[in-house]
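Residue numbers begin at 1 in each chain, while the letters A, B, ... track the order of the sequences. Just so it is clear, the model here is predicted, and its values are computed rather than measured.
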There are 2 protein chains.
Amino acid sequence: MRADAVRNREAVLAAAGRLFDAAADPERVSMDDIAAAAGVGKGTLFRRFGDRLGLIRALYEQRSVELHAALATAPGRPAAQRALDLLEAMLRFKLDNRVLALALENAGAGSPYRNEAYDRWHALLTGLVAEARGPESADYLAHVLLAAVRSDLVEHLRDRSDDRWTAGLRLLVRSVLSPAEGDGTTPIGRAGPGASAAPTASPEPAADRPHTR
Amino acid sequence: MRADAVRNREAVLAAAGRLFDAAADPERVSMDDIAAAAGVGKGTLFRRFGDRLGLIRALYEQRSVELHAALATAPGRPAAQRALDLLEAMLRFKLDNRVLALALENAGAGSPYRNEAYDRWHALLTGLVAEARGPESADYLAHVLLAAVRSDLVEHLRDRSDDRWTAGLRLLVRSVLSPAEGDGTTPIGRAGPGASAAPTASPEPAADRPHTR
DNA sequence: TAGGATGCGGACCGTCGGTCCGTTTGAACT
DNA sequence: AGTTCAAACGGACCGACGGTCCGCATCCTA
């Protein structure tokens with residue numbers, strides 16, 4: 001890569017980072033804005049990053065180095081603890097990089113799920129869920145745990161105190177990552193043994209009639 | 001409202017419905033498309049519905065009548081069961097109205113949460129969560145449950161069998177809506193003393209301290 | 001230092017959501 | 001029926017955006 005190309009790449013990433021940090025809404029940061037702020041032609045942006053999503057992804061990768069550290073703290077700890085660490089790290093990242101994270105989740109052709117990074121986190125979490133509570137529906141539960149720290153939800157609950165966030169996350173992870181009880185066909189109402197507040201079962205499944213598709 | 005206005009309103013909703021049902025991606029249905037398909041000027045669209053979001057909302061309201069039925073099935077059943085019913089109804093709705101649901105969740109100024117309908121569901125679910133497991137973090141857990149059936153997640157897992165969906169949802173609701181155990185301060189890894197499966201209960205109210213805002 | 005490849009910039013394009021305004025139409029009143 | 005006017009209509013128009021194109025400048029190699 002030519003020297004000026006490297007220089008410009010840096011300039012663009014820096015400018016984009018600044019603009020996203022300052023913006024209230026990712027959609028208010030246009031490619032023209034970024035080009036102008038970087039002191040670079042628009043063509044250069046697209047030549048280097050392909051399209052808007054490419055630029056956002058590059059910026060995300062650059063900033064998420066710290067996030068990957070959470071992955072490294074692996075060894076002997078219980079799966080549930082590791083899952084909680086991971087989710088808390090993601091939460092913190094999304095609080096610190098609000099607009100960028102929002103941009104990434106919205107920019108992908110409509111879906112946050114068409115994203116290599118997501119797949120990595122999801123695979124990791126799926127493993128932890130399976131380890132903690134068994135393989136049944138582990139992948140779906142992993143999706144749900146990740147959805148619990150989706151950018152726009154974080155944004156929606158932004159003014160919450162850290163304590164409240166941590167408490168909610170902790171409760172969630174503890175609930176979901178407790179080993180499965182029962183056989184999956186028991187009506188939901190009954191919780192574990194000794195649950196006093198649990199409503200006594202009043203069957204009526206009515207749940208799974210095959211719905212139209 | 002004038003007669004022609006009524007007629008046109010219907011025509012627009014019908015056309016929009018058809019177009020969204022046929023489209024693969026909500027963004028591929030433009031306001032011009034809808035106006036043309038309805039045999040109506042563009043100005044009419046905007047005069048009647050304000051903006052794109054308004055039109056989508058109107059269409060959503062029209063189609064979600066059935067959904068509200070799920071709300072009516074209230075009385076004596078356990079909270080967890082009612083929550084599951086609600087989530088399954090939402091899932092079914094989003095499978096049947098894929099593109100429209102996606103449109104609604106994306107169209108809101110960036111956020112699916114800036115939406116009156118969402119608030120209603122969330123309030124209802126929060127109540128159920130509190131009833132089933134206590135008030136602690138109930139509102140956050142309700143958000144998470146709703147996130148478990150978000151349109152784009154549903155879209156991502158679209159090819160799943162109905163059985164798998166139901167199983168996952170059931171497991172999730174059962175986990176999250178079991179009465180709270182533990183005291184919320186114990187590190188997750190350690191379940192109760194010697195508890196390998198179900199942690200022993202140990203209340204701890206301490207639920208809703210006034211959080212910072 | 002000459003040549004070719006790489007990169008650059010910004011005018012340009014198609015599309016989209018939304019606005020404007022001259023024209024038409026429905027209906028209330030005589 | 002005729003008069004009147006608020007309401008509604010429609011489509012040309014606008015500004016903004018993401019993305020493309022291509023003549024020109026810049027860097028690297030021999």
Side-chain angles (χ1 to χ4, degrees), chain A residues 1-16 19-20 22-60 99-100 102-111 114, chain B residues 1-16 19-20 22-60 99-100 102-111 114:
Chain A
M1 204 156 84
R2 253 167 58 172
D4 50 351
V6 179
R7 200 170 42 230
N8 281 335
R9 191 190 141 91
E10 292 310 306
V12 167
L13 284 178
L19 289 181
F20 277 119
D25 173 355
E27 313 226 339
R28 306 208 70 108
V29 180
S30 74
M31 297 299 270
D32 298 79
D33 291 342
I34 297 175
V40 139
K42 206 180 178 182
T44 304
L45 253 68
F46 286 92
R47 160 176 287 265
R48 193 58 53 198
F49 299 99
D51 59 5
R52 186 180 163 87
L53 178 57
L55 170 54
I56 291 172
R57 266 210 265 256
L59 195 49
Y60 170 80
V99 185
L100 175 60
L102 273 171
L104 183 65
E105 291 189 10
N106 290 338
S111 178
R114 242 191 128 65
Chain B
M1 205 158 85
R2 251 166 59 170
D4 50 349
V6 179
R7 201 170 40 231
N8 281 335
R9 191 190 141 91
E10 292 311 305
V12 167
L13 284 178
L19 288 180
F20 276 119
D25 173 356
E27 314 225 339
R28 305 209 69 108
V29 179
S30 75
M31 296 299 270
D32 297 80
D33 290 343
I34 298 175
V40 140
K42 208 181 177 182
T44 303
L45 252 70
F46 286 92
R47 159 176 286 265
R48 193 58 54 201
F49 299 100
D51 58 4
R52 186 181 163 87
L53 179 57
L55 171 54
I56 291 172
R57 267 211 265 256
L59 195 49
Y60 171 81
V99 184
L100 175 60
L102 273 171
L104 183 65
E105 291 190 11
N106 290 338
S111 177
R114 238 189 132 67

Between B:T44 and D:dG10, is there a contact of a side-chain N or O with OP1 or OP2 at under 4.0 Å?
yes

With a 4.0 Å limit, can you tell me whether B:N8 has a side-chain N or O closer than that to the phosphate oxygens OP1/OP2 of D:dC9?
yes

Where each residue is assigned the nucleotide of DNA chain C containing its nearest heavy atom, which of B:D4 and B:F46 is assigned the position nearer the 5′ end?
B:F46

I want to confirm an ordering. Mapping B:G43 and B:V29 to their closest nucleotides on DNA chain C, which one lands closer to the 5' end?
B:V29

Would you give the length of the straight line joining atom CG of A:L19 to atom CZ of A:R28, rounded to the nearest 0.5 angstrom?
13.0 Å

How long is the span from the CG atom in B:L55 to the OH atom in B:Y60, to the nearest 0.5 Å?
15.0 Å

[X] to [Y] - nearest heavy-atom pair and separation:
{"X": "A:A11", "Y": "A:A38", "answer": "O-CB, 3.8 Å"}
{"X": "B:V99", "Y": "B:A23", "answer": "CG2-O, 3.1 Å"}
{"X": "B:I56", "Y": "B:A103", "answer": "CD1-CB, 3.8 Å"}

Just compare [options] and give me whichever is closest to any side-chain atom of [X].
{"X": "A:A3", "options": "C:dG9, C:dG7, D:dC28", "result": "D:dC28"}
{"X": "B:K42", "options": "D:dC9, D:dC27, D:dC13", "result": "D:dC13"}
{"X": "A:R47", "options": "C:dG7, C:dG17, D:dC9", "result": "C:dG7"}

Is there, by distance only and without an angle test, a donor paired with an acceptor across the side chain of B:R2 and the base of D:dA8 below 3.5 Å?
no

Can you list, by residue number, the residues of residues 50-57 of chain B that have a non-hydrogen atom closer than 4.0 angstrom to DNA chain C?
B:D51, B:R52

